[in-house]
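Structure first, then comments.
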Amino acid sequence: MPRFIGRYNPEFILLAAVSVFTVLGFWEIYLGAEANPQPRHHLHLATVLIWLSLLLIQLILISRRDFGFHRQLGLAVLLVGPMLVASTATLSVLSARRNLASGQADALIAQNVMGTLGLSVLLLLAFVLKKYRLVHGSLLFSTLIQFGGIALFFTLLSFVPMFKIEGPETFYRFGTAAMTGLIFWLSVAALLFASSPKTRWPYLLAAAFLLINEAMNFALEGFDLSYGATVKLGSLNPALTFAAGFTIQLALLCLALFPVSRRSPPNAAPLRG
């Protein structure tokens with residue numbers, strides 16, 4: 001195997017693992033005994049699969065040293081990136097509404113909201129630091145930890161007996177699965193960082209967002225704010241949330257990719273006091 005390709009083995013392995021977790025995480029929704037996929041599930045699955053496919057193609061192009069096509073295809077992030085942020089934001093609103101309909105607080109509200117913000121920050125930093133090629137790539141691939149976190153969580157709940165919810169007396173397994181997934185992804189991020197601290201530090205940043213998710217969840221539950229936060233989030237309009245999320249993220253990425261020059265035009269008259 002060429003040395004250049006071997007350099008990206010960790011990214012290939014990470015992408016493969018998250019792809020498997022994604023399939024398993026959606027398994028019960030689409031193929032389980034009580035399968036009942038909703039439009040929100042189709043939206044989420046479609047955007048995630050598009051993103052995984054884009055990362056795979058880009059990784060193959062880099063491995064083949066086809067940097068020209070890689071840069072051209074990279075502009076697709078200007079469309080797919082805002083779609084990811086907008087869809088996760090919309091799913092957060094829909095999740096809150098679904099829980100409110102049954103009179104409950106959304107147990108995943110911290111994960112949904114901070115997951116959206118974390119994804120937005122990682123994508124923006126990838127464009128801001130685009131000149132640093134390896135860091136840029138790590139920032140884009142660190143989004144896999146964001147998706148992998150929730151995908152592994154549902155995989156554990158669906159397929160690992162010790163985490164399955166079998167009644168009120170086993171609700172504690174919900175938190176156990178979340179902590180197990182957190183430890184797993186913190187370990188993965190630490191290993192990736194150790195392999196190349198200067199270029200793979202974004203994986204630690206992505207893992208830090210998972211820690212923040214858990215901290216926020218504990219705070220909301222500890223101060224009995226979960227239901228109130230669910231009410232506020234559920235009051236948002238899903239369509240407007242998608243439009244706002246897409247527009248804001250697109251504007252931020254465009255500003256990072258095409259920064260506005262601060263210099264005055266050649267023919268501009270000097271300002272006078």
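In this text, all values refer to a predicted model and were calculated from it rather than measured experimentally. In this chain, numbering begins with 1 at the start of the sequence shown. Hydrogens, waters and symmetry mates play no part in the numbers below; they use all other heavy atoms, side chains included.
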Notebook entry, point to check: Hey, mind stepping through E28 and S158 against side-chain hydrogen bond (donor to acceptor under 3.5 Å, both in side chains) and telling me if it holds?
Noted result: CA-CA 7 Å; E28 289 296 320; S158 299; 4.9 Å; no

Check: Would L24 and I13 show up in the same hydrophobic cluster when neighbours are defined by side-chain heavy atoms closer than 4.5 Å?
Finding: no

Margin query: Looking at Y132, I'd like to know if its OH atom is crowded, meaning that more than 12 non-hydrogen atoms belonging to other residues, nucleotides or ligands lie closer than 6.0 Å.
Written below: no

Notebook entry, point to check: Quick one: CG on L205 to CZ on R200, what's the gap to the nearest 0.5 Å?
Noted result: 16.0 Å

Margin query: Distance alone, cut at 3.5 Å: any donor-acceptor contact between the side chains of Q38 and N36?
Written below: yes

Margin query: Quick check on K232: does its NZ atom have over 12 non-hydrogen neighbours (other residues, nucleotides or ligands) under 6.0 Å away?
Written below: no

Check: Hey, which of T116, V48, T47 is the one that makes side-chain contact (heavy atoms from CB on, under 4.5 Å) with S87?
Finding: T47

Check: With distance as the sole test, does W185 use its side chain to make a donor-acceptor pair with the main-chain N or O of G148 at under 3.5 Å?
Finding: yes

Next item on the list: Would you indicate whether the side-chain heavy atoms of Q58 and L73 approach each other to under 4.5 Å?
Entry: yes

Margin query: With clusters defined by side-chain heavy atoms of hydrophobic residues (ILVMFWY) lying less than 4.5 Å apart, directly or transitively, does L15 cluster with F184?
Written below: yes

Notebook entry, point to check: Short question: side chain of R97, backbone of G234 - any donor-acceptor pair under 3.5 Å?
Noted result: yes

Margin query: Using only atom types and a distance under 3.5 Å, with no angle test, would you say the side chain of H136 pairs donor to acceptor with the backbone of A126?
Written below: yes

Next item on the list: Report the C-alpha distance between V113 and L233 in whole Å, list the side-chain angles of each, state the deciding distance to 0.1 Å, and finish with yes or no for side-chain contact (heavy atoms from CB on, under 4.5 Å).
Entry: CA-CA 9 Å; V113 173; L233 184 61; 4.0 Å; yes

Next item on the list: Answer yes or no: are there more than 12 heavy-atom neighbours, outside F223 itself, under 6.0 Å from its atom CZ?
Entry: no

Margin query: Does either side chain, that of D106 or that of S95, offer a donor lying less than 3.5 Å from an acceptor on the other one?
Written below: yes

Check: With a 4.5 Å heavy-atom cut-off, do L79 and F246 have their side chains touching?
Finding: yes

Margin query: When you group the ILVMFWY residues by side-chain heavy-atom contacts below 4.5 Å and let the links chain together, are L75 and F141 in the same group?
Written below: yes

Next item on the list: Answer with yes or no whether the side chains of T199 and S196 bring together a donor and an acceptor at under 3.5 Å.
Entry: yes

Next item on the list: Keeping the roles fixed (side chain from R173, backbone from I165), state whether a donor-acceptor pair exists under 3.5 Å.
Entry: no

Notebook entry, point to check: Taking the side chain as C-beta and beyond, is there a heavy-atom pair between N112 and T88 under 4.5 Å?
Noted result: no

Margin query: Could you tell me if T143 and W51 have a donor-acceptor pair between their side chains, going purely by distance under 3.5 Å?
Written below: yes

Item checked: same_hphob_cluster(M162, M179) at 4.5 Å side-chain heavy-atom cutoff -> yes

Notebook entry, point to check: Are F218 and M114 grouped together when hydrophobic residues (ILVMFWY) are joined by side-chain heavy atoms under 4.5 angstrom apart?
Noted result: no

